[in-house]
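Sequence lines set the chain letters: A, B, ... in the order given, protein chains first and strands last, and positions in each chain run from 1. Predicted model, so just to flag it, every value in this text is computed and none were measured. Hydrogens, waters and symmetry mates play no part in the numbers below; they use all other heavy atoms, side chains included.
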Amino acid sequence: MSKVPLQFRHNGRDVAIFVDGGTNLLVALRELIGDMTPKFGCGQGGCGTCSVLIDGELHLSCLTLAETVGGRSIETLDGMKQGPNLHPLQRAFADHFAAQCGYCTPGMLMAAKALLDRNPSPSRDEVIEAISGNICRCTGYEPIINAILAAAGGRVSA
Amino acid sequence: MPVTVKTFASASEAAGALSSDRTARYLGGGTLVMRALNEGDVSISTVVRAQDQALTRIDASGPRITLGAGVTFARVLAERDLGFLHAPARSIGGPAVRNMGTVGGNLFAPTPYGDFTVALLALDATVAVQGGFGARDIPIEEFLQARERQAGTLVLSVSCTRPASSEAFCYRKIARIKPKGGSVITLAAHLPISGGRIAGARIALGSMAPTQIRARAAERALEGRSLDAATIAAAASAAAEGTSPFDNALGSAWYRREIVGVHLRRLLSGQE
Amino acid sequence: MTRHRGRGIASINYPIGMNLGGDPSQALVHSNPSGKFTVALSSIDLGQGMKSVTRQICAETLGVPVEDVYVDTADSDTGPHCMGSFASRGTHRVGNAVMAAAREARGVMMEAAAEELEVNAADLDTDGRGNIHVKGAPHRSISTKDVAIAAQFKQGKTISGRGIFLVPLSEVNPETGEMSPATCYAHACLVAEVDVDDETGEVAMVRMDSAYELGRALNPRLVEQQLVGGAWMGVSHALYETTEPDYPEPAHGPRDFVEYLMPGPGDICPHDIAVLERPAPDGPFGAKGPGEMCANPVLPAVANAIFNAVGVRIDDLPITPEKVLRAIKAQGGARPQARR
Amino acid sequence: MLELRKDIFADERDDNLNEIGKGTQRQDMLGHVTGTSSYFNDHKLQGMLHLKVVRSTQAHARIRRIDTAEAERSAGVRRIIRGTDVPVNLNTLLSLINFGKDDEPSLAVDKVRYKGEPIVAIVADSEREAFEAVAKVKVDYEPLAAVFDVEDALKPGAPVVNETYPKNTFTYHETYDHQKLRFGDADAALATADHVLEQRYQMSPIEHAPTETNGAIAAPDTNGRYVVYTSTQALFFSVDTCAKILDMPSNTFHFIGGTVGGGFGGKVDTLTEPLAILGAMLTGRPVRYVFGREEEMQYGPPRGAERIYIKDGVMRDGRVVARKIRCYFDSGAYTRLSSYAAVKCAAHLPGPYTIPNVYGDVYCVFTNRTPATAMRGFGVTAMDFAIECQMDKLAHLVNMDPMEFRILNAYRDGDMKAHRREAKNTALIECVQVAAEKAKWPLREEFKRASSRKDGGGSRAVIPPTPADSSRARPTAPAQQRTSYDRLPPTVTREPPREPPPPAPPPPSPRPGAPAHGATRFSSVFGRRR
């Protein structure tokens, strides 16, 4: 049995775990760290429910070999709140009723954050492009697009 | 048994590990190998990685550009000097996949994937590979024809000559889903113009055969001619010639044959 | 001219509540001594908003603010029987069960308040803001919190209620099909506008206009979620989805979200919706159920719009570019119909 | 964009309400946007094992031998479960309401009936080890001819898919191979119609594609109980199905769910809970069984495909006078819920229109395909597609505006529906009018003035004389009414002795809603009653 030690930053906090060879980052986050916000949707790279930020870049945690993130900084939805307050994107998603079953929401929010962190005033087409790797089966995407545009424009409830 | 991960400092060591172990697969961006592991592909027991800086190098300063095999599509998109490759890079996956997927991995992606490789084929790229017995350069066409036998080799980089002008190269992926969808067909055309005539036409197609192929009949229809409506029409009607499309979940062979000429015509004449 | 625009319509109705009845749902409602209510169910929130809509039904029936109600579902140790959330049962069956439970709990709450205010319970009313007052004399009032405290610690009453909603099982005559399949029906009409490319067979949605009649929009935002998302699914069914592209031949089945086709965020179109409310006599506050039926009119409306655009009828779903192109070729080219 | 048309039917509503009608925020929204909504798989249990199944590579085959020897020796394997380990390895979902016969094993034993059917379950320490063991199970198949087309399956000599139903059709009322609807004399009306149009329509099988796949985690709990975290959209359906398959009292199980990542009908079938619990029972450890995406797409049940034939008679003035429908539900290899959808479909005929002569035959057909199940609009979506395409064609045929054509034929309050109940609370006409307004689609004045509340009933309320089928099947004696809640003790025979069949009842023509005293009546759910 050879478990590999692994240290990285998880939502601003240093964590250290031991992983089996071949373990993906989604399993490491959920089962070893206990952060249940990234979800398993396909394991194939097709749905985006497991999306996280690695050093600020959007990645699919299910396709990331856990041991490749040593020393890097991982952000998940669990770290999105700003202290006790919701992030503007979270407020905008709520305002726009942009979640139904809620299962795609963590990935959508991370994809949206990756966009707004780089491009604070995206066009509608840029928003569409930013969430194009994330499947939502409930909403028809329209409220999600509107929520991200509203967050970018500062049009969110207090 | 858990998978064994072997990480090497140099590409040549990684290539050695890869060629000596039939259960080993090289981990690039993860979009192919990690998916296979997640889905229970037990033929993979060893994952080989290399942390060789050369694999992630981009050389885009001169007329001939070189992309390390580990260069991601997001990095291609971030490189202003690689503007001619932005359309193919943007057509891959969503943003997360573009942050992960690599130029080298795309060479191995089965249909309906492998769109970037269509562009590289039209650009007559060269693939640098490292086998158990050293490095060598292979024309991309040859590489693709023998792709199944390349499993034990490691791709180091791809290189190609920059198109003479931005008009000389065009690319389009036909997908059912927007903005991100699997390829029904993918088209790339490199049509250098010399003295008002096309010289050295290369048209590459994805999803028109088991691997990316050239549309040689369409190339012949273009070669030596000016790019006018009649020439484009002739190339469009020859587009399916020599191809061997297949049925899959995204479309049938019949449909692919029917539309490849339409889309080639639209691509070459700049229509939506 | 290779792209042609067309419009098509469809109108439908949909039976609400599990086919044929005979399958009730239950609900329990109780208050804690602070006057905060919990609804216990065994129904499922799959995204349709079960927890939220039953919460509003409960609050309205009790006469308390929605913030004073929390819906807890689905724990088989604490939730009363519910077969499941399917067949448009949620709003109609579970909603009615919650209403019944809340009515019973309200009865106890009003009795307890009457005892405190020393009046007859029939003379009391709730203000919906957490107070109970004597009708016509709002100053003679008591908060639901004080009522709950009194009920618990002084009067020894449980402010709680049980509810069940049963539509009796209908029999089916095997010779004639005579039966009572449902007690109420929702309705819809939808106009779809499309562009059809006559060289590739590709269909692009341009817009949709619709009217849905739902009995009562218990929560218009939840209704909008269902209708917008449901119409998207209707487009998806009409143009994209199949697990067997060569049905009935079982080949080339999609294995992932690249091969299984659903419209992406770049494929959606504006959808202008009107909601009509003709209350169902047995619906909770007249409500029917919007969740299931909303996709149904889209499929035929899209097919009919394609005919209007290029003159071909595709009667096999999904209407893929290939089927459209084959049909256009078979009739010798696009034949646009009268513009609508 | 959503507009509430409060002006329409305002006289039928009391809008003076506090909470109802408000766009109140969802109770679960805060949980959703913070990622704290707890789905079945968000429970981390100590020492959890992983379950994977070996699936059939064949669409139809006899199983000669299952060799698990190598898999049993594979690293990390805790338990191999075969069909013989399942206490009651034959079930049908609707047996809970005593509808249909048990026809589906949890794990195939002697035969597989669709590609992907589970044969062996492996419980191992890790997913990887479970996958490795799955690859080591050898199944020796004797391939059988398979049938994939619903109409081929009904031809003489077609392969028998499921021996429980040897004619490849579900059996209604223990006698009938389909559900009928008879209202008026469709053949006579077709003979005198100005135009007759017969068309074929085909629905596709559709994947629910919830972003969360089907799954369950079962764990031994205190006092001999099992806690089960589940993605089910049918809580007590799942509890009672597990109780039956595992032959345990239902209160042995503590099911926890209610927050589910999309369902759309695809999480009704209780696909993962029985094996997860059985795994936990046999190993004494928590066991997780969750579908991969390919499993969900290919072997999770789809919306069944229906093939529909419609033959309509229409007059030059636009009145549809007859509608005759034949519909085949593709149930796949097992019944699941398609039998039920077929009845719902029959009741839906002829759509929201008042047509004086309606004739329907709806079949639930077995093929060697992944079993179908419920999906959003179950039993109706495909029929609406067929009917509404047909309505468009009929309007075209008689050269009428398709909106006006629908208003002309729409059902109205007081009309008699084909399933012999009065239409009430109808609103189709108003929906057409408002949709036309929204879409700026011109309607003539008389159609703008039409109302669901006017001009219905009267002669439209009458049940027309309905000829009996000449070759009427004779119903048999009633099955004893039983549900899972009043199950007979196991010592009592499950098949009560049969009485000789009574004579067929005369074609009933009761007043709408009137009790049919003395008539023999049937229920598709609970069998026959008096």
Side-chain angles (χ1 to χ4, degrees), chain C residues 9-13 19 42 44 46 51-52 55-56 59-60 66 73-77 81 83-86 128 171-172 174 176-179 181 187 189 191 209 211 213 218 220-221 224 241-244 248 253 255 272-276 278-279 285 292 296 299-300 303-304 315-318, chain D residues 1-5 8-9 13 18-20 23 26-27 148-149 173 176 181-182 201-202 204-207 233-237 239 254-258 260 263 294 298 302 344 346-347 352 376-377 381 384-385 388-389 392 402 406 419-420 427-428 431-432 434-435 438-439 521-524:
Chain C
I9 85 145
S11 61
I12 60 132
N13 69 343
N19 189 30
S42 293
I44 310 294
L46 320 151
K51 295 169 186 170
S52 309
R55 185 182 183 210
Q56 278 174 268
E60 182 74 46
V66 76
T73 194
D75 181 320
S76 67
D77 276 7
H81 191 278
M83 203 66 130
S85 296
F86 46 79
E171 300 167 352
V172 179
T176 64
E178 176 174 1
M179 62 177 124
H187 302 88
C189 178
V191 183
D209 291 282
E213 187 280 312
L218 296 173
R221 301 298 300 272
E224 185 175 18
E241 290 186 55
T242 177
T243 59
E244 294 177 80
R255 298 159 296 181
D272 201 355
I273 302 168
V275 165
L276 282 60
R278 187 175 192 196
F285 302 98
E292 271 202 287
N296 291 355
L299 287 68
N304 295 338
D315 296 332
D316 284 20
L317 290 171
Chain D
M1 201 167 62
L2 184 136
E3 175 198 16
L4 286 172
R5 288 295 300 267
I8 303 170
F9 301 120
R13 275 195 324 272
N18 288 318
E19 300 293 350
I20 293 300
R26 296 173 64 109
Q27 180 181 294
F148 296 108
D149 183 278
H173 313 280
Y176 299 82
L181 185 78
R182 301 286 185 270
Y201 299 92
Q202 178 67 55
S204 46
I206 285 174
E207 158 62 16
Q233 64 181 92
L235 195 76
F236 275 92
F237 226 123
V239 170
H254 180 189
F255 272 51
I256 297 171
V260 174
E294 184 176 349
Q298 284 297 303
K344 185 175 172 189
R376 196 178 206 170
T381 302
D384 278 346
F385 171 71
E388 288 303 301
C389 288
D392 206 61
R406 283 172 174 82
H419 58 83
R420 298 170 189 240
L428 192 77
C431 282
V432 176
V434 172
K438 280 247 171 243
R521 313 281 272 177
F522 297 84
S523 158
S524 275

> Given that the side chain runs from C-beta out, which part of R278(C) has a heavy atom under 4.5 Å from chain D: side chain, backbone, both or neither?
Replying inline: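 Both backbone and side chain.
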> Which bit of V191(C) comes within less than 4.5 Å of chain D, counting heavy atoms only: side chain, backbone, both or neither?
Replying inline: side chain
Which atom pair, heavy atoms only, marks the closest approach of [X] to [Y]?
X       : Y       : answer
K438(D) : D209(C) : O-OD1, 3.5 Å
P352(D) : S11(C)  : CG-O, 4.0 Å
P220(C) : L4(D)   : CG-CD1, 3.9 Å
S42(C)  : L235(D) : O-CB, 3.5 Å
S76(C)  : V239(D) : CB-CG2, 4.1 Å
E19(D)  : G128(C) : OE2-O, 4.4 Å

Between [options], which shows the greatest number of heavy-atom pairs under 4.5 Å with chain D?
options                           : value
A59(C), A303(C), P300(C)          : P300(C)
I12(C), V275(C), D75(C), D77(C)   : D77(C)
E244(C), R221(C), M179(C)         : M179(C)
P318(C), G84(C), C189(C)          : C189(C)
G177(C), A74(C), P181(C), A211(C) : A74(C)

> Under a 4.5 Å cut-off applied to non-hydrogen side-chain atoms, are D384(D) and L299(C) in contact?
Replying inline: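 Side chain of D384(D) against side chain of L299(C), heavy atoms only: no contact under 4.5 Å found.
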> Side chains of R376(D) and N296(C): closer than 4.5 Å at any heavy-atom pair?
Replying inline: no
Is the side chain of [X] donor-acceptor paired with the backbone N or O of [Y] at a distance under 3.5 Å, no angle test?
X       : Y       : answer
N13(C)  : L428(D) : no
T243(C) : Q298(D) : no
E388(D) : I9(C)   : no

> Of the backbone (N, CA, C, O) and the side chain (C-beta and beyond), which part of P402(D) lies under 4.5 Å from a heavy atom of chain C, both, or neither?
Replying inline: both
>> Taking side chain as everything from C-beta outward and backbone as N, CA, C, O, which of these in R26(D) sits under 4.5 Å from a heavy atom of chain C? Side chain, backbone, both or neither.
In response: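 For R26(D), backbone and side chain are both near chain C.
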Can you tell me how far apart [atom1] ([X]) and [atom2] ([Y]) are? Round to the nearest 0.5 Å.
X       : Y       : atom1 : atom2 : result
F236(D) : M83(C)  : CZ    : CE    : 10.5 Å
H173(D) : E171(C) : NE2   : CD    : 10.5 Å
F9(D)   : E213(C) : CZ    : CD    : 6.0 Å
D316(C) : Y201(D) : CG    : OH    : 11.0 Å
R5(D)   : L276(C) : CZ    : CG    : 7.0 Å
T242(C) : E207(D) : OG1   : CD    : 11.0 Å

Quick check on the interface: out of [options], who has the most heavy-atom pairs with chain C under 4.5 Å?
options                            : value
P205(D), S204(D), A234(D)          : P205(D)
Q202(D), R182(D), R406(D), Q27(D)  : Q27(D)
N18(D), T381(D), I20(D)            : I20(D)
I8(D), I206(D), L181(D)            : I206(D)
A435(D), P302(D), G377(D), A346(D) : G377(D)
D392(D), V434(D), V260(D)          : D392(D)

